[in-house]
There are 4 protein chains.
Amino acid sequence: MLNIGIIGAGRIGKVHLESISYHVKNATVKAVADPFMNDDTRAFIESFGVHNVYNDYHKILEDKSIDAVLVCSSTDTHAAISIEAIKAGKHVFCEKPVDHSVAKIQAVADTLAANPGIKFQVGFNRRFDHNFAAIRAAYDAGKIGEAHILKITSRDPEPPNPKYIAVSGGIFLDMTIHDFDMACFLTNSDVEELYVNSAVLVDPAIGEQGDVDTAIITMKMANGALAVIDNSRRAAYGYDQRAELFGSKGMVATSNDTLSSAVLSNADGVTGEKPLFFFLERYMASFSEEMRQFVNAVENDTEVPVGIHAGLQSVKIGLAAKKSVAEHRPVKLSEIC
Amino acid sequence: MLNIGIIGAGRIGKVHLESISYHVKNATVKAVADPFMNDDTRAFIESFGVHNVYNDYHKILEDKSIDAVLVCSSTDTHAAISIEAIKAGKHVFCEKPVDHSVAKIQAVADTLAANPGIKFQVGFNRRFDHNFAAIRAAYDAGKIGEAHILKITSRDPEPPNPKYIAVSGGIFLDMTIHDFDMACFLTNSDVEELYVNSAVLVDPAIGEQGDVDTAIITMKMANGALAVIDNSRRAAYGYDQRAELFGSKGMVATSNDTLSSAVLSNADGVTGEKPLFFFLERYMASFSEEMRQFVNAVENDTEVPVGIHAGLQSVKIGLAAKKSVAEHRPVKLSEIC
Amino acid sequence: MLNIGIIGAGRIGKVHLESISYHVKNATVKAVADPFMNDDTRAFIESFGVHNVYNDYHKILEDKSIDAVLVCSSTDTHAAISIEAIKAGKHVFCEKPVDHSVAKIQAVADTLAANPGIKFQVGFNRRFDHNFAAIRAAYDAGKIGEAHILKITSRDPEPPNPKYIAVSGGIFLDMTIHDFDMACFLTNSDVEELYVNSAVLVDPAIGEQGDVDTAIITMKMANGALAVIDNSRRAAYGYDQRAELFGSKGMVATSNDTLSSAVLSNADGVTGEKPLFFFLERYMASFSEEMRQFVNAVENDTEVPVGIHAGLQSVKIGLAAKKSVAEHRPVKLSEIC
Amino acid sequence: MLNIGIIGAGRIGKVHLESISYHVKNATVKAVADPFMNDDTRAFIESFGVHNVYNDYHKILEDKSIDAVLVCSSTDTHAAISIEAIKAGKHVFCEKPVDHSVAKIQAVADTLAANPGIKFQVGFNRRFDHNFAAIRAAYDAGKIGEAHILKITSRDPEPPNPKYIAVSGGIFLDMTIHDFDMACFLTNSDVEELYVNSAVLVDPAIGEQGDVDTAIITMKMANGALAVIDNSRRAAYGYDQRAELFGSKGMVATSNDTLSSAVLSNADGVTGEKPLFFFLERYMASFSEEMRQFVNAVENDTEVPVGIHAGLQSVKIGLAAKKSVAEHRPVKLSEIC
């Protein structure tokens, strides 16, 4: 049984608390810390039988009975807390992105290198989604041969508040970062070069923040495959999350999940349901699965499914995308450091 | 090159004229006869380069250069004209149903038995439809093993004029007869027994004519399979024509054809097109294909794909269905004679 | 917070224990009783924090702190235990079928009538399935107009052990009973008359037990709609659970659930996943939902979603189906008493 | 009735001969010319009742009874013959591409400007395909709002003979040119800038010819939309032809056509048919439709659906794509002249 402490009790921290309590047999949440802890949050946490509720996360790091921590605090604190936790001998699950700065992520990587017994997993939950995992499984099983073309469609149901844009790091570090990691996961390869074609088509206020809201990113993967991601900050029909991997022997593709398979045929046409709208609804099962696999990797001392390399790559790709937009040219990943 | 005469220049006679002219390489229409020939119809026929246009079909039977005739006249004349044509040495393609009377169809069968060189095909065009033919092909190829359950859904887009009901022979001889033949075709078996569950739900005027407009017919096939047909005289979304054959090793099923594969996703849902509405649009290619196969059977002296047995069976099943409704009990085909 | 006792710790009792613990916020399992309690089962129960584990269910009925019981024991004990529980003032959730005997179910109904404050729900979990519930919701919302034709396809992945057939009451009381209830639920109507067309096509050993393994049941519903169920004890491709409701304004239909939406296109065709194979996997969410709604009905003193009438109807329909097979004729529900 | 002469009796010339004969009511082929006319081709032509069969196309241009010509000769002769035909007062339907040289296409455009009564249509048949036309129709009807992202997938079933690569002008002028035109058609806009990400993944022999066989092309359209085309010279599952247009109010997408809708469910999965393999099979109806619309434009003196601008744009885009590969940078269309 693994004892876990959660640092950060916002939306995603609560999701992990519930996942571990209900869906991970061999782990228990022992403590939760959040500097902005309030009564509601405390009551929510206690309803899961967790009674060590703190403002200061150091209490978690100091608790010898705790084996692993989940870093679910704000992005700018991820790297520092992770480094502290590693040094305190805790295994770490860190939400994405690890940081917006390559140097800071590298510092985490260096700390890990100096503490080889510590497991460190990055929260790219979509890798554990039933659909995307099925694409990778088909690829690994040789069903499509060598990878030639990867296509990812990722469109949000609603744009974020333009005020949030500034602190988010922009669309590539906030939204597309999931798709960058997915591209690496599905092709089992790093990115070598990319080019971004982008525009402000959804909301001029996003443009005023210096960001874009619609983008097509093409990439050359290190293994020779080509890839393309298309993003929009607003799809009228909901959260659009699809991928398709085409190779020398065939193609494997996924479609969106819906609440039911019911289809209505009437004088207006043949109508099925829209995709699930909200990311927590769409990806809930993947949050449980990433937690199970993290816990298993720690318990069995096996490799974590999403390591620091993935955390570093995804941010480098995001920074390369920003550079491509700024300089209006293809950018090699090797230019980012 | 087969020379063909068409007897009856109504809707279906015109369809065959066009099919042969455009889609059957080794046949030519030489003459068309119709007692109600008018200027428009004559002009239509001549636009295909056919200049022997008659009121009296005997001129076709007397024309030694004509090898085969299509009997497309009103149902009550099918049997008599077919017998005349067979005796005149013509191969015959006869529209369905051959007749509403078992005795009259038997008379055609007897005439054929006495003229073994003559080919006789019944116009069950749906057997040549790409979807239904694919089900039978999968079955013949052993892909579903032994047939266990056949399901046919057959719903018209609009009910007929209630006045037409009286002369049509009722839903089972007019509409379901296609599905009865399809059941025999898809399971490659005759029917042994059936039971009808029916109602008047679409139009009370149909009930006033002594007919039903909604029905579920279950059947035991001679080869042991079970079958079920469901019919409605009115589907709000168009012409619904589906089938599904389930067996010991699997199932093969078809869906409706649409004008395009376009699917619109918006705030209302994910909407594809309705099924094709009109039977001529839906089944046009099957009319060409049945003609090609009839011509080939004559040219190569091979067995026709839909012989007099199918013509007889389908009407017997229709009569059994009427009896089942009248007597509110399962009826064996052997009771019909 | 509702305190619940579970009577019967077999497969379905364990499912409810887990559902309530993880997915029903306002209920707690306080005790579990099973005459065959063993160490494994006891350990499983205790892992959910339930420490009142008994052999004798009377201890549950005597516990004043327990508000409601789940009757998950063997079918032949359902009615007697339910009656005891009602008399002890407990709300009851009873697994299906309530009994194979109409008289015994009627005795439960009579006891309920004498104890009007008691809630009694029957375990027809499929009513709470996302797909089937969506059909009923579309119907209730008027989207298909009046119901004309209901089609249910229900095929098991594997036949039961032939030895089990004898105690199961046969296919209609064991397997089709779910579909009978579904027919009533989806059309919001009772059954008036039915006719069964059946055969032994899957396993001769089932026939030797006097049962059938393949069946088509057509029904006239009390509200005028026609319905058809097709059953097989073995579908090579897995658990096939579909329904389609056709009405005056349109049709709503559902397809099977799969593990993922991944589709592989290669030289062999375009291949998606098989339906989920195991009923617990397919219907797991419905077990939680029926529990939530039972608890809510008790807590809010509202009508339960599946009452004793549904329990009685479904068994009557099953007995009518057996009579139809035995007497080879349509049978009215009013004949069953 | 429009009298037509066909110049060039290769594969596509024969397709048009058959289309006009069978599917275009108000046009007749009067003559066919081909410098390589042989007995088989002559017999094929005469089987359609066309008896003016020439080696020298000038005989067609000199025939006063001929209203329009189809230029179906080799690409390098398209422009010169078109100019001759225009000057001879014939309306012209010219196969794509008009030429590989912008200057030569401009010469055709100039000749047309000097002969304003002449209709000139370019053979981009895919615009008339039922699926792609449905996307544009939905867009024109305002169903998706403003266009934001266009995605086109276009993959051939088999690569061409590497020897053919040299004369074809390369993948962008030979294969992608259809997709470039489709991008302009579906967004109803010209291209402003593009960037190509490409590779040799299918056949090294294609690379040895200086061409690529796999490509992702992203484009900025003049109306602000972003677009992406992905191409492969070889899809193991057949001819893959899909498009998806995403906009402010929704998305419209098409899937591939198949021979039938039959789906087989068995222990291996749920398998539908592969896309139609051969472009003539896939697009046959579009060839008839483009001919009908050309004939109608001439007969009614209305604008042709695909004019010289489309012919010029598509080649410019193809040349820009080649430049983007050569110079490894985004290229503006304004750079091509």
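Protein chains get the first letters and strands the later ones, always in sequence-line order, with residue 1 at the start of each.
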Do you know the tightest heavy-atom contact between D/A236 and A/S248?
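Closest heavy-atom pair between D/A236 and A/S248: CB-O, 4.0 Å.
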
Minimal non-hydrogen separation, D/R155 against A/F246, with atom names
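Looking at all heavy atoms of both residues, the closest pair is NH1-CD1, 3.3 Å.
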
May I ask you to name which of A/R234, A/M251, A/E193 has the most heavy-atom pairs under 4.5 Å with chain D?
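Among A/R234, A/M251, A/E193, the one with the most close pairs to chain D is A/M251.
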
Chain D: which of A/L226, A/I144, A/T153, A/V202 shares the most heavy-atom pairs with it under 4.5 Å?
A/L226

As an exercise: rank D/G250, D/S198, D/G224, D/A227 by heavy-atom pairs under 4.5 Å with chain A and give me the winner.
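Between D/G250, D/S198, D/G224, D/A227, the count favours D/S198.
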
Would you mind telling me which of D/K249, D/H328, D/M219, D/R329 has the largest number of heavy-atom pairs within less than 4.5 Å of chain A?
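Of D/K249, D/H328, D/M219, D/R329, D/H328 has the most heavy-atom pairs under 4.5 Å with chain A.
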
Report which part of [X] has an atom under 4.5 Å of a heavy atom belonging to chain A: side chain, backbone, both, or neither.
X: D/I149; answer: side chain
X: D/D213; answer: neither
X: D/T214; answer: both

Name the one of D/V196, D/T218, D/N197 that satisfies side chain to side chain contact (heavy atoms under 4.5 Å, CB included) with A/Y195?
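So, applying the side chain to side chain contact (heavy atoms under 4.5 Å, CB included) to A/Y195 and each of D/V196, D/T218, D/N197, only D/T218 qualifies.
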
From D/I217, D/D230, D/I216, residue fulfilling side chain to side chain contact (heavy atoms under 4.5 Å, CB included) relative to A/V228
D/I216

Between D/E244 and A/K151, is there a salt bridge with N-O shorter than 4.0 Å?
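No, this pair does not count.
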
Go through the atoms of A/E146 and report whether side chain, backbone, both or neither lie under 4.5 Å from a heavy atom of chain D.
neither

